Amino acid sequence: MRVMTIVGARPQFVKAAALSREFASREGIEEILVHTGQHFDANMSEVFFTEMEIPRPKYNLDVHSLGHGAMTGRMLEGIEDLIEKERPDVMLVYGDTNSTIAGALAATKLHVPVCHVEAGLRSFNMKMPEEVNRILTDRISDVLYCPTDAAIANLSKEGFDGFDCEVVKVGDVMQDAALFYAQKSKERSTLKLEPGFVLCTLHRAENTDDPARLKSIVEALESIHEESEVILPLHPRTKKKLEDYGMNSSLNIIDPVGYFDMIELLKKCKMVMTDSGGLQKEAFFFGKYCITLRDQTEWVELVEHGVNRVVGADGDKILNAYRKFSSRPSSKFELNLYGQGSASKNITDHLLQFTSKH
Ligand code: UD1
């Protein structure tokens, strides 16, 4: 089986680390890894390949720092050429980024079956580029690998039961990665951390591209920082916007961190505040409450179980959630919401079966 895998943005490296490891352990699978180039700074890309021992990409399209149309268009063109050249049996794409839709669209037009890992998630906010990317990718995928029951239900409501595709619940590959690398992070992390801080990340366009929202979030974080240190590994997008808007901050802002450092931050923090998709789940994996700095979340089961609060950019709501979670003992993290580390195995088993039929 020849699988072409598209990665490009940070969360996709984490997901690919889990699945590529499983592929490498099986007979008869050749993976052709393509990096679109979307994330290119060493601490947004290279560090993950090195630390997580992800195979070197065979190709890097070096497409980045462009508007959505130009970025997606150039990736589409580059991936199409690679499909013609490599003739893979299947195309594998992850998540909801511009790299995801470019890979899926290039493959489907050339009749290469598309397999989408992390299918079926919805925020129901069509203003988010991620929502558009994931809906379009799902619709043109032949196999939809869903992490959760909520994802399966979303697809069912949208009529996927009647479409010519397979919808399979496999669990979450990010859980596989967290379990595997958590055993190694202590020796490999370089951070010196005093437990009890708040871990924050912030990079979504809906927050960074709206000065009022960004200001409101930063002000709330500043007031939390007066009683509990807020550590903010800052995405380059947000760094640039803070400079553009002339916003200064006294938070403990550090450069983006690699996966081992992130795991140590998760183990030692008292709480997570984020607008990331993946970090909301990672908070749960490491037994921490999460305050989601967005108006919706795709990970609704975390909210239903009381471990995640969706507060948007409203300062009062952020502070209230912080106080509520600060005073609540951690007790609800034993649930099996995302599989127990077997998502990569489930996907690989299914892919082998799928390609033998096609
Ligand atoms: C992208 C994904 C988002 C995902 C996120 C993870 C899309 C539409 N968005 O958002 O779903 O959650 O990745 O981080 O695909 N930049 C650098 N160095 C880098 C990477 C980016 O300076 O290594 C700059 C870019 O030049 C650009 C900005 O950061 O100015 C945003 O990058 P972009 O890839 O467009 O979106 P992300 O915010 O990273």
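Just follow the structure's listing: the first ligand is 1, and inside any ligand the first atom is 1. Model, not experiment: these values are computed from the prediction.
- Per-residue contacts place Met44 under 4.0 angstrom from the following atoms of ligand 1 (heavy atoms of the residue considered): 19 (C), 23 (O).
- Remark: minimum distance from atom 2 (C) of ligand 1 to any protein heavy atom is reached at Thr97 CG2, 3.8 Å.
- Close approach of ligand 1 to Asp96 (heavy-atom distance below 4.0 Å) involves ligand atoms 11 (O).
- The single protein non-hydrogen atom nearest to atom 34 (O) of ligand 1 is Gln38 NE2, 3.0 Å, given as residue, atom name and distance.
- Side-chain N/O atoms of Asn308 and Gln280 include a donor and acceptor closer than 3.5 Å.
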Before giving the answer on side chain to side chain contact (heavy atoms under 4.5 Å, CB included), spell out for Arg122 and Glu131 the whole-Å C-alpha distance, their side-chain angles and the decisive distance to 0.1 Å. CA-CA 7 Å; Arg122 298 291 182 264; Glu131 182 76 351; 3.5 Å; yes
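- Below 30°, between 30° and 60°, or above 60°: for Phe13 and His39 the angle between ring planes is above 60°, a perpendicular geometry.
- Each of the atoms 6 (C) of ligand 1 lies under 4.0 Å from some heavy atom of Pro11.
- Proximity of Ala9 to ligand 1, defined as any heavy-atom pair under 4.0 Å, is confined to the side chain (atoms from C-beta onward).
- The salt bridge (Lys or Arg N to Asp or Glu O under 4.0 Å) contacts involving residues 71-82 comprise nothing, where partners must be two or more places apart or lie in separate chains.
- Within the structure, the closest approach of Lys240 to ligand 1 does not fall below 4.0 Å when heavy atoms are considered.
- His64 does not count as a contact of ligand 1, since none of its heavy atoms falls under 4.0 Å from the ligand.
- Here is the list of ligand 1 atoms found below 4.0 Å of a heavy atom in Met71: 35 (O).
- Contact annotation: for Glu130 versus ligand 1, heavy atoms closer than 4.0 Å belong to the side chain alone.
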